[in-house]
Amino acid sequence: MPDRPVRVRLAPSPTGTPHLGTMRQAIFDWLLARHSGGTFVLRIEDTDRNRFVPEALDSLYESLRWLGLDWDEGPEAGGPHAPYFQSQRLDLYAAAAKRLIDAGHAYECYCTPERLDAMRNAQREAKQPPHYDGRCRTEAGRAEAKLEAGDRSPVVRFDMPDEGVTVVADALRGDVSFENVRLDDAVLMKSDGFPTYHLAMPVDDHEMQITHVIRGEEWLPSAPLHKCLFDALGYDLPVLIHTPSILGPDKSKLSKRHGAQSVLDYRDAGYLPDAVFNFLGLLGWSLDDKTEIISRDEFVEHFSTDRLLKSPAVFNKEKLDWMNGEYIRLMPVERLAALLIEWLERPEADGGLPAAAPRPLDAAYTARIVPLVRERVKLLPEARDMMAFFYLPDGLDLDAETLAGKAFAGDHDKARLLFSEALVTAEGVDPWNHEALEAAFQALVERLEVKRGDLYMLIRIAISGRPVAPPLFDSMELVGRERCIERLRDAVNRF
RNA sequence: GCCCCCAUCGUCUAGGGGACUAGGACGUGGCCCUUUCAAGGCCAAGACAGGGGUUCGAAUCCCCUUGGGGGCACCA
């Protein structure tokens with residue numbers, strides 16, 4: 001196995017938007033492939049026609065692309081093992097099933113769902129593990145079941161050995177052994193002619209020459225079945241790696257009730273793909289004892305499956321938020337500006353600027369604003385409220401209450417006086433830059449003998465509309481003389 | 001009920017017999033910087049689940065207990 005070139009696959013089932021756990025697996029798959037110069041295959045496991053959701057494919061491709069996980073073979077990419085949809089490979093599975101039956105490793109089962117249900121309920125009530133009783137293993141049982149089934153098509157079951165132990169080698173967990181008596185005769189072929197995962201996976205992994213299977217730990221209990229199937233089919237078992245689950249804050253497996261569960265949700269909330277990649281890549285894997293921010297190239301260079309962890313990890317959103325802030329600050333100004341513009345130009349309801357701000361937004365102007373806001377923002381949409389005043393054409397339409405702020409809530413007369421002084425001061429500033437502005441207003445503070453913070457807060461609110469804003473004089477420089485004076489004059493008139 | 005996996009600060013983790021008075025990060029608290037809010041800097045609190053072994057020596061190896069997670073479908 002180690003001599004063959006590495007081939008890994010992501011094999012999701014298109015039943016909804018892909019889960020964060022799936023995407024983390026994709027990251028590990030991709031990393032292993034890129035690190036070793038191998039091939040990353042995408043295969044769609046669409047063998048359950050009842051659960052198939054057509055839109056799921058698009059959100060899968062979108063998720064992978066958003067994270068920058070390109071696949072070498074698969075849908076839209078093609079490849080020597082096409083088609084990459086299991087629903088289009090039914091002949092392969094049928095042939096494999098026939099081969100297993102002929103070799104005595106599998107048998108047709110005519111038991112009805114009703115009988116199986118009743119059987120399992122009885123077993124559960126008797127505190128027994130649910131288990132197929134093997135009626136159709138024998139000629140006689142099969143004949144009996146066939147009568148009950150009417151014209152219903154049979155399923156094909158694997159004839160699992162009743163004795164002995166199956167040992168599965170997991171690259172992370174070592175040898176895991178299972179008593180064969182506890183293992184069920186799994187269904188390989190459904191009565192609708194579609195294979196189950198258990199059959200399709202070995203057939204495809206063999207045909208596609210997959211060398212490493214990275215999958216969630218929920219598969220570990222069926223790993224012995226898979227090993228037996230690979231053996232029965234005469235295939236080499238790939239290296240198996242069962243990754244631990246991602247847990248919600250309550251330590252149960254992450255799911256919809258924990259909120260966002262798709263990377264697309266994070267994209268829409270204003271997270272950066274590199275940050276999400278970095279964060280997910282570090283959930284269950286680490287480079288060393290201190291590195292938190294890792295570039296994609298470093299990930300690829302250093303990734304190794306033996307630094308994978310086997311214990312489940314709680315999804316720590318606060319840390320993701322922090323990391324996203326780091327990535328925002330790491331990003332070149334122009335790129336961040338472009339990204340922000342994309343966001344700000346949306347309709348207000350979708351997280352964009354108020355309609356009063358004229359579009360399109362000026363890229364050069366935005367690039368000057370970015371250094372002022374970048375360290376105040378963890379998520380992209382947070383920039384909206386912080387940046388709006390730069391783009392609004394004229395007055396902010398604030399009432400006296402807002403303008404007076406906390407410090408002058410009980411003394412509007414004083415606020416009005418300060419605003420008119422500020423207006424006069426602003427009118428005298430030349431040139432209009434932050435140094436001159438600061439000097440002028442500092443002088444005003446001294447002349448009026450007011451608290452500097454109090455005066456600046458008034459001006460901040462008048463100019464930006466909010467008590468929390470980027471640095472005042474840099475902001476005023478960018479907003480420009482005309483609009484600043486207009487907003488100050490407006491403030492005076494509101495009292 | 002049965003089977004399997006896992007177990008270091010609240011969380012993500014480093015650690016793979018002596019380098020551990022257990023390191024880093026997020027978060028939390030404090031201080032500094034400061035025109036607001038951040039960012040940044042410094043400091044602090046905070047963990048080897050418990051019990052047995054093995055060993056001169058155990059966070060590291062073994063066993064048991066406990067706790068958590070997962071699985072037991074004509075779903076993947």
Side-chain angles (χ1 to χ4, degrees), chain A residues 11-15 45-48 50-51 109 111-113 116-117 120 123-132 152-157 168 170 172-173 176-179 181-184 186-192 194-198 200-201 215-224 242 244-245 247 249 251-253 279 282-293 309-323 325-326 329 373-378 386 405 438 441-442 445 451-457 459-461 464 466-473:
Chain A
S13 198
T15 56
E45 311 234 320
D46 55 347
T47 55
D48 185 348
N50 299 318
R51 297 205 306 157
C109 171
C111 293
T112 61
L116 295 173
D117 269 357
R120 278 191 281 261
Q123 287 165 339
R124 256 189 264 269
E125 265 170 50
K127 304 283 188 193
Q128 295 295 311
H131 193 270
Y132 180 60
R152 195 185 168 85
S153 303
V155 302
V156 176
R157 280 184 190 275
V168 176
D170 179 285
L172 262 141
R173 299 160 201 269
V176 184
S177 33
F178 300 82
E179 285 180 80
V181 234
R182 317 244 176 247
L183 301 173
D184 217 350
V187 171
L188 303 180
M189 270 295 188
K190 300 179 251 186
S191 55
D192 63 3
F194 278 67
T196 62
Y197 173 84
H198 304 304
M201 185 274 290
R215 49 160 33 168
E217 67 178 334
E218 65 271 21
W219 289 106
L220 196 47
S222 47
H242 292 94
S245 315
L247 273 26
K251 309 240 179 163
S252 71
K253 202 169 143 185
F279 177 77
L282 244 30
L283 220 51
W285 187 85
S286 65
L287 175 61
D288 56 28
D289 59 342
K290 42 182 61 85
T291 313
E292 303 287 346
I293 304 295
L309 251 34
K310 44 191 178 179
S311 49
V314 172
F315 186 87
N316 185 184
K317 186 176 170 298
E318 285 69 36
K319 189 155 182 175
L320 205 212
D321 289 353
W322 163 78
M323 200 172 267
E326 291 292 302
R329 269 165 256 130
V373 298
R374 68 191 314 181
E375 63 234 30
R376 269 157 257 266
V377 164
K378 281 195 166 91
M386 199 169 288
E438 177 149 22
F441 282 99
Q442 181 57 39
V445 165
K451 280 171 75 178
R452 183 166 57 164
D454 286 351
L455 177 66
Y456 287 8
M457 182 54 83
I459 304 171
R460 174 175 299 113
I461 293 174
S464 74
R466 319 170 64 227
V468 173
L472 181 56
F473 300 117

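No experiment lies behind these values; they were computed from the predicted model shown. Chain letters run A, B, ... following the sequence lines, proteins first, then strands; residues in each count from 1.
As the counterpart of rA7(B), rU66(B) is assigned, both hydrogen-bonding distances of the Watson-Crick or G-U wobble pattern falling under 3.5 Å. Checking rU28(B) for Watson-Crick or G-U wobble geometry (two distances, each under 3.5 Å) identifies rA44(B) as its partner. For rG1(B), the paired nucleotide is rC72(B), the pair qualifying as Watson-Crick or G-U wobble because both relevant distances are below 3.5 Å. A 3.5 Å limit on both hydrogen-bonding distances identifies no Watson-Crick or G-U partner for rA38(B). In this structure, rA19(B) makes no Watson-Crick or G-U wobble pair, since no nucleotide meets both defining distances under 3.5 angstrom. Under the Watson-Crick or G-U wobble criterion, with both distances below 3.5 Å, rA58(B) has no partner in any strand shown.
Counting all heavy atoms, side chain and backbone alike, Val187(A) lies closest to Val155(A) at CG1-CB, 3.9 Å. Between His242(A) and Arg173(A), the shortest heavy-atom distance links the atoms O-NH2, 2.7 Å. Nearest approach of Pro470(A) to Val373(A), heavy atoms of both residues: CG-CG1, 3.8 Å.
Note that the NZ atom of Lys253(A) and the CD atom of Glu217(A) stand 8.0 Å from one another [nearest 0.5 Å]. From Asn316(A), atom CG reaches atom CG of Leu282(A) across 11.5 Å, with rounding to the nearest 0.5 Å. Distance CZ/Arg152(A) to OG/Ser191(A): 4.5 Å, rounded to 0.5 Å. Going from atom CG of Leu283(A) over to atom CG of Leu247(A) covers 9.5 Å, rounded to the nearest 0.5 Å. In this structure, the separation between OG1 on Thr47(A) and NE2 on His198(A) is 10.0 Å, given to the nearest 0.5 Å.
When atom types are taken as modelled, the side chain of Asp184(A) and the backbone of Ala186(A) share no donor-acceptor pair closer than 3.5 angstrom. Without hydrogens or angle criteria, Gln123(A) side chain to Gln128(A) main chain gives no donor-acceptor distance under 3.5 Å. Put simply, the side chain of Ser13(A) never gets that close to the backbone of Thr15(A): no donor and acceptor are under 3.5 Å apart. Looking at Ser245(A), its side chain never comes within 3.5 Å of a backbone N or O of Pro312(A) through a donor-acceptor pair.
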Could you list the protein-to-nucleotides 15-17 of chain B atom pairs, N/O on both sides, closer than 3.5 Å?
unit_1	atom_1	unit_2	atom_2	d
rG15(B)	OP1	Arg307(A)	NH1	3.1

With the criterion being N/O to N/O and under 3.5 Å, what pairs connect the protein with nucleotides 44-50 of chain B, and how long is each?
none

Are there any protein N/O atoms within less than 3.5 Å of an N/O atom in nucleotides 24-26 of chain B, and if so, which ones and at what distance?
unit_1	atom_1	unit_2	atom_2	d
rG24(B)	N2	Glu292(A)	OE2	3.2
rA25(B)	O4'	Glu292(A)	OE2	3.0
rA25(B)	N3	Lys319(A)	NZ	3.2
rC26(B)	O2'	Glu318(A)	O	3.4
rC26(B)	O2'	Lys319(A)	N	3.2

Under 3.5 Å, N/O pairs linking protein and nucleotides 33-36 of chain B:
unit_1	atom_1	unit_2	atom_2	d
rU35(B)	OP1	Arg452(A)	NH1	3.1
rU35(B)	OP1	Arg452(A)	NH2	3.0
rU35(B)	OP2	Arg452(A)	NH2	2.8
rU35(B)	O2	Arg460(A)	NH2	2.1
rU36(B)	O4'	Arg460(A)	NH1	3.1
rU36(B)	O2'	Pro467(A)	O	3.3
rU36(B)	O2	Ala469(A)	N	2.9
rU36(B)	O2	Ala469(A)	O	3.0
rU36(B)	N3	Ala469(A)	O	2.6
rU36(B)	O4	Pro471(A)	N	3.3

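The same atom, P, is picked in rA38(B) and in rG30(B); the two are 13 Å apart, to the nearest Å. If you take atom P in rG52(B) and the same atom in rG27(B), they sit 40 Å apart, rounded to whole Å. Remark: the separation of the C1' atoms in rG10(B) and rA49(B) is 15 Å, to the nearest Å. The same atom, P, is picked in rU54(B) and in rG67(B); the two are 27 Å apart, to the nearest Å. Rounded to whole Å, the P atom of rG17(B) lies 36 Å from the corresponding atom of rC2(B). Nucleotides rU13(B) and rU60(B) are separated by 16 Å at their C1' atoms, to the nearest Å. rA39(B) and rA47(B): their C1' atoms are spaced 30 Å apart (whole Å).
As rounded to whole Å, 15 Å separates atom P of rC3(B) from atom NZ of Lys127(A). Per the geometry, CZ belonging to Phe178(A) stands 17 Å off P belonging to rC2(B), to the nearest Å. Atom pair Gln128(A):CD and rC3(B):P shows a separation of 11 Å (rounding to whole Å applied).
The aromatic rings of Phe279(A) and Phe315(A) lie perpendicular to each other, with more than 60° between the two planes, well past the 30° mark.
Within 4.0 Å of Gln442(A), counting heavy atoms only, lies no atom of the nucleic acid at all. In this structure, Gly284(A) reaches the sugar-phosphate backbone alone: every heavy-atom distance under 4.0 Å involves primed, P, OP1 or OP2 atoms, never a base. Within 4.0 Å of Phe194(A), counting heavy atoms only, lies no atom of the nucleic acid at all.
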Next item on the list: Take nucleotides 65-76 of chain B nucleotide by nucleotide from the 5' end and write B, S or -, depending on whether a protein heavy atom sits under 4.0 Å from the base, only from the sugar-phosphate, or from neither.
Entry: ----SBSBSBBB
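Between Arg329(A) and Leu220(A), the residue anchored closer to the 5' end of RNA chain B is Leu220(A), taking for each the nucleotide with the nearest heavy atom.
Every residue was checked against the ring pair (Phe, Tyr, Trp, His ring centres under 6.0 Å) condition with Tyr132(A), not counting sequence neighbours, and none meets it.
Taking the charged nitrogens against the carboxylate oxygens, Lys319(A) and Glu292(A) do have a contact shorter than 4.0 Å, which makes a salt bridge.
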